There are 2 protein chains.
Amino acid sequence: MPVGLNENEIHVLGEVVSHKRKIQRGGYLHRAGSKFQSLYAIRSGFLKTCILEQDGRQQVTGFHMTGELLGLDAISTEIHTCDAVALEDSEVCEIPFAKLEEISRTIPSLMHHFHKIMSREIVRDHGVMLLLGSMKAEERLASFLLNLSRRFLIRGYSEYNFNLRMTREEIGSYLGLKLETVSRAFSKLQDENIIRVDNKHIQINDMTRLRMKMGNSSCIT
Amino acid sequence: MPVGLNENEIHVLGEVVSHKRKIQRGGYLHRAGSKFQSLYAIRSGFLKTCILEQDGRQQVTGFHMTGELLGLDAISTEIHTCDAVALEDSEVCEIPFAKLEEISRTIPSLMHHFHKIMSREIVRDHGVMLLLGSMKAEERLASFLLNLSRRFLIRGYSEYNFNLRMTREEIGSYLGLKLETVSRAFSKLQDENIIRVDNKHIQINDMTRLRMKMGNSSCIT
DNA sequence: TATTCTAGTTGATTTGAATCAAAACATAAC
DNA sequence: GTTATGTTTTGATTCAAATCAACTAGAATA
């Protein structure tokens, strides 16, 4: 699910163009409306992307971690459609898109890999649409935690213990819920001894039951 | 918003590979789980794509019309992640993906255009996420109708009068609502004289007010 | 023409999440 | 250490949409 590059692939791209950029916690990598020129491969850190509604409220469209590629949405109009904000100090590698296209002409495997990455983002989005369209609060949160857990595992961290970088409100925005509902869902999962919540720290006690929480919405009801 | 190719572009691709395929109403263009080899450019007709939940229920991920490109989600794993079903007799042009990649190496503009199309799909999906995550029933339906209206307009049809190809249930699945809620939202918009509903036929009487319905969720409340 | 069958509408009721509100923590600033 | 600020939890209440149910209209079939 995560739009990921492995270290090696990041390295290859890094050779292509290796201009790095650091973004402090709370800083913007790019803003909606700004001109698109480069994709950004995350080297370290954690970011969110979000689109703004007419009325000022925001919808988080994704949380992004090391190895993932940002800016794909901006290729179509050459204008960024979302804000990208660092949720912790982060480092990204800037990849001028024109150059990427140019080079990928001579390296078919790079081009193909890039296509796979874009496609994976589409698949991920469809998964979120399914989540938003048909799951209830607790199922959404379970799904979210399992997704994070897997992404930490892939990156060599514990799948059972991790720290959330985002607030309840940001989780809520991503999951289509209000922050109070997110908090209650956390509490419920903790009461059932499936997870242990200590502020931003999450411990998964029972992965199997957490998976069940996600899986059988309509089976039970 | 629609992932579209203009007639000319379809023609260019048509020269690349011009194997056509007809799908009868109700027939499958491809199924989730089947091997991916080609993208499909819609020459005529109307299709839906949907993913299946564990429990058998489906989530419609999109409705697709002439000029749009199907199969982008399957590039990542080379397995189709969704079903594509014709909602009316349709004709598609098969585009073997390997060939597309090969040719796009020599035609930079084609490659660039393809990237734009994939990116546009991502932007569209983010729009749907916003809709599912933060709009209420009536706003979702207004948004849906305006989107359809615009796509008909682009294709040279009336933006004020058109026939829906999908059932209330399919609309509901796409919008994250139950069919009864969709029906009620239609009735409400009709009562307010914003649209006229006659079974599958839709007439938009007041485009401005329909746009307002979509726009100011939280402004009013 | 009668007969299913499917799709759609509408009403009554329930329910899950939003909203409103207050208190308990944490974090950053002083 | 204390104060201020932002975040999280929890409770009470409200509300929008789901569910349950009945009925209607069309399309398809016999």
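Predicted model, so just to flag it, every value in this text is computed and none were measured. Within every chain, numbering begins at 1; the chains are lettered A, B, ... in the order of the sequence lines, protein sequences first and strands thereafter.
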Describe, as an angle rounded to 10 degrees, how the axis at the first end of the helix from dT1(C)-dA30(D) to dC30(C)-dG1(D) is tilted relative to the axis at the last end, five pairs per end. 40°

Rounded to the nearest Å, what distance is computed from the NZ atom of residue Lys188(A) to the C1' atom of nucleotide dT15(C)? 14 Å

Between Glu170(A) (side chain) and Thr167(A) (backbone), is there a donor-acceptor pair under 3.5 Å? yes

Salt bridge present between Glu159(A) and Arg150(A) (N-O < 4.0 angstrom): no

I'd like to know if the side chain of Gln24(A) and the backbone of Asp89(A) have a donor-acceptor N/O pair within less than 3.5 Å. no

Touch class at under 4.0 angstrom, heavy-atom based, for Gly172(B) against every strand present: nothing

Applying ring-ring contact (aromatic ring centres under 6.0 Å, His included) to Phe36(A) and Phe97(A), what does each step give before you reach the verdict? CA-CA 9 Å; Phe36(A) 164 75; Phe97(A) 185 61; 5.6 Å; yes

Report yes or no: does Ser173(A) contribute a side-chain atom to a donor-acceptor pair with the main-chain N or O of Gln58(A) at less than 3.5 Å? yes

What is the distance, to the nearest angstrom, from the CG atom on Leu177(A) to the P atom on dT19(C)? 11 Å

Electrostatic pair Lys188(A)-Glu192(A), nearest N-O below 4.0 angstrom: yes

N/O contacts under 3.5 Å, protein versus nucleotides 10-12 of chain C?
{"residue": "dT10(C)", "atom": "OP2", "partner": "Ser187(B)", "partner atom": "OG", "Å": "2.5"}
{"residue": "dG11(C)", "atom": "N7", "partner": "Arg184(B)", "partner atom": "NH1", "Å": "2.9"}
{"residue": "dG11(C)", "atom": "O6", "partner": "Arg184(B)", "partner atom": "NH2", "Å": "3.0"}
{"residue": "dA12(C)", "atom": "N6", "partner": "Arg184(B)", "partner atom": "NH2", "Å": "3.4"}

Only one of Asp83(A), Thr61(A), Thr81(A) passes side-chain hydrogen bond (donor to acceptor under 3.5 Å, both in side chains) with Thr49(A); say which it is. Thr61(A)

Interatomic distance, Leu175(A) CG vs dA18(C) P [rounded to whole Å]: 11 Å

Could you check whether Glu91(B) pairs with Lys20(B) (Lys NZ or Arg NE/NH1/NH2 to Asp/Glu carboxylate O, under 4.0 Å)? no

Take Arg25(A) and Gly176(A), find for each the nucleotide of DNA chain C with the closest heavy atom, and name the residue whose nucleotide sits nearer the 5' end. Gly176(A)

Rounded to whole Å, please give me the gap between CD in Glu139(B) and P in dC15(D). 17 Å

When you check the side-chain N and O atoms of His201(B) and Asn161(B), is any donor under 3.5 Å from an acceptor? yes

Is it true that Arg151(B) and Glu68(B) have a side-chain N and a carboxylate O under 4.0 angstrom from each other? yes

Take atom CG of Leu132(A) and atom C1' of dA17(D), then tell me their distance rounded to the nearest Å. 16 Å

Provide, to the nearest angstrom, the distance between the CG atom belonging to Leu87(A) and the P atom belonging to dT7(D). 12 Å

Distance below 4.0 Å between Lys178(B) side-chain N/O and dT19(D) OP1 or OP2: yes

Glu88(A) with Arg165(A): basic N within carboxylate O range, under 4.0 Å: yes

Give the residues of residues 191-204 of chain B touching DNA chain C, defined as any heavy atom closer than 4.0 Å, sorted by residue number. Asn199(B), Lys200(B)

Nearest-angstrom distance from the residue atom CD of Glu169(A) to C1' of dT8(D): 11 Å

Find the distance Phe186(B):CZ to dA25(D):C1' and express it as a whole number of Å. 17 Å

